Number of protein chains: 2
Amino acid sequence: MLTLYSWNVNGLRAAAKKGFLDWLHTAQPDILGLQETKCSPDQLDKALRQPEGYHTYWGVSERPGYSGAALYTRQKPNHVQIGLGIPEYDREGRTIVAEYDKFVLIVAYFPNGGRDLSRVPFKMAYCADFFDYCNQLRQQGKHVIFCGDVNTAHQAIDLARPKQNQKHTGFLPEERAWIDQVIAAGYVDTFRALPPEQTDAYSWWTYISNARSRNVGGRLH
Amino acid sequence: MLTLYSWNVNGLRAAAKKGFLDWLHTAQPDILGLQETKCSPDQLDKALRQPEGYHTYWGVSERPGYSGAALYTRQKPNHVQIGLGIPEYDREGRTIVAEYDKFVLIVAYFPNGGRDLSRVPFKMAYCADFFDYCNQLRQQGKHVIFCGDVNTAHQAIDLARPKQNQKHTGFLPEERAWIDQVIAAGYVDTFRALPPEQTDAYSWWTYISNARSRNVGGRLH
DNA sequence: CCTTAGAAG
DNA sequence: CTTCGAAGG
């Protein structure tokens with residue numbers, strides 16, 4: 001058995017102040033993928049940068065305090081690549097690719113489309129290139145597991161307010177179609193281990209207006 | 001008897017969170033001059049903007065969150081002018097002039113000369129124009145009281161580290177000379193009511209390296 | 001080290 | 001609402 005967690009921490013340094021390391025030492029994941037770390041490792045204490053028992057790898061944005069991904073892993077991967085090999089995404093530290101004996105694990109922080117939708121094209125481009133990258137690995141006979149923050153809700157059941165979100169990034173037809181495509185290709189959405197009709201099961205809430213306490217959220221995969 | 005307080009609050013909204021209104025209602029000053037309010041009145045609650053028993057007047061910078069002065073007064077002045085009438089200073093909300101029956105009270109937040117000394121000329125210009133303004137009032141037979149943050153230490157006794165500050169704004173020869181000039185003109189430094197040789201009596205400390213707990217400070221008038 | 005505004009989410 | 005960096009002090 002192997003436990004894998006994925007977590008958008010919204011600032012690893014902020015998360016650290018709220019007990020990230022306590023959680024890590026309690027949960028003891030074999031593999032942990034983080035998104036929105038908003039830091040580079042040299043801004044961190046040793047305890048956070050390299051906790052006892054873990055190897056860590058970092059995707060760092062050129063822009064300080066923005067984006068970023070991290071991989072914490074008990075077993076050292078055979079090989080780790082930071083980035084997809086495409087500068088426009090790798091500049092933002094969004095992707096970490098780790099090869100283990102039996103599978104390739106990818107930590108990915110998909111772009112946010114932006115309040116004004118200005119980054120939707122960039123997001124869709126990342127989606128397409130990311131999918132290509134995974135498919136190439138599969139063609140080489142590798143098993144692909146990816147975790148991260150896809151920044152998209154798949155179906156109406158994944159949102160508390162699907163109608164209000166039709167025209168917002170995170171629930172646009174083209175964004176949702178990308179997930180259709182991924183599932184059609186045989187990927188399994190682990191969150192679907194929940195009963196398929198399960199409602200009100202979310203993994204994200206906006207900070208605005210106490211949405212979390214009211215459970216007005218979304219499941220953004 | 002009339003009590004007058006002057007206080008650089010470094011953000012009135014922040015000061016409010018730390019009990020500014022409690023202090024106000026305890027100290028009950030007749031006149032209170034504030035500097036570095038870093039706000040406009042419409043960013044404030046009624047209780048802060050217009051506390052029971054006070055008339056308030058506001059110097060507001062065009063740049064949000066920057067500079068700013070305020071006057072809280074129990075008695076309504078006969079006339080209040082916001083600014084010195086000189087746009088380059090008034091744009092930064094540094095000055096409030098209030099005429100009472102027996103005196104004119106000026107609240108002034110003198111410019112900081114800047115880490116790199118780039119604003120020393122601006123500061124000296126404000127000093128000169130401010131002094132001229134006061135002298136014009138005196139020529140009209142008015143008594144002038146001014147309070148505020150002059151951002152300058154007069155003598156070595158006013159600083160814990162005079163030698164290290166010779167070349168820093170706040171203790172430059174020309175800045176100190178301006179205070180000489182003001183005192184020569186007959187103004188009384190109320191802080192001098194302390195025994196003249198009193199050391200280690202400061203009104204300002206940098207936030208850096210716990211300077212306040214070590215009382216490594218300055219008296220910036 | 002503190003405060004604020006601004007960008008991004 | 002929250003995070004972070006920037007400017008100013």
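A, B, ... follow the sequence lines: proteins, then strands. Residue 1 opens every chain. The structure presented is a predicted model; accordingly, all values stated were derived computationally and were not measured.
If you measure from atom CZ of A:R13 to atom C1' of D:dT2, you get 14 Å, rounded to the nearest angstrom. Atoms CZ (A:F110) and C1' (C:dG9) sit 17 Å apart, rounded to a whole Å. A straight line from OH of B:Y66 to C1' of C:dT3 spans 13 Å, rounded to a whole angstrom. Atom CG of B:L117 is separated from atom P of D:dG9 by 12 Å (rounded to the nearest Å). Between B:R119 atom CZ and D:dG8 atom C1' the separation is 10 Å, expressed in whole Å. Atom pair B:R63:CZ and C:dT4:P shows a separation of 14 Å (rounding to whole Å applied). As rounded to whole Å, 17 Å separates atom P of D:dG8 from atom CG of B:N8. Between the C1' atom of D:dG9 and the CD atom of B:E92 lies a distance of 13 Å, rounded to the nearest Å.
With hydrogens and angles left out, the side-chain atoms of A:Q35 and A:S6 include a donor and acceptor closer than 3.5 Å.
In the set C:dG9, D:dT3, C:dC2, the nucleotide with an atom closest to the side chain of A:R94 is C:dG9. The side chain of B:P64 sits closest to C:dA5 out of C:dT4, D:dG9, C:dA5.
Here A:K18 reaches the OP1 or OP2 of D:dT3: one of its side-chain N or O atoms lies under 4.0 Å away.
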Can A:T95 and A:Q81 be said to form a side-chain hydrogen bond (donor to acceptor under 3.5 Å, both in side chains), step by step?
-> CA-CA 9 Å; A:T95 326; A:Q81 173 181 305; over 6 Å; no

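Using a 30° and 60° split on the angle between ring planes, B:Y54 and B:Y72 fall in the perpendicular class, above 60°. Between B:W23 and B:W7, the two ring planes are perpendicular [angle over 60°; tilted spans 30° to 60°].
Between atom NE2 of residue B:H25 and atom CZ of residue B:F20 there is a gap of 8.5 Å, rounded to the nearest 0.5 Å. B:I179 CD1 to B:D158 CG: the interatomic distance, rounded to the nearest 0.5 Å, is 7.5 Å.
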With a 3.5 Å cut-off and sequence neighbours excluded, list the donor-acceptor pairs that the side chains of residues 104-111 of chain A form with protein atoms.
residue: A:Y109; atom: OH; partner: A:E36; partner atom: OE1; Å: 3.4

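With a 3.5 Å limit on both pairing distances and Watson-Crick or G-U wobble geometry required, the stems of 3 or more pairs in DNA chain D span C:1-4 with D:6-9, C:6-9 with D:1-4.
For residues 32-43 of chain B, proximity to DNA chain C is found at B:K38, B:Q43, defined as any non-hydrogen atom under 4.0 angstrom from a strand atom.
For an aromatic pair to be called close, the ring centres must be under 6.0 Å apart, and A:F130 with A:F146 satisfies this.
Checked for salt-bridge contact, B:E92 and B:R63 miss the test: no charged N lies under 4.0 Å from a carboxylate O.
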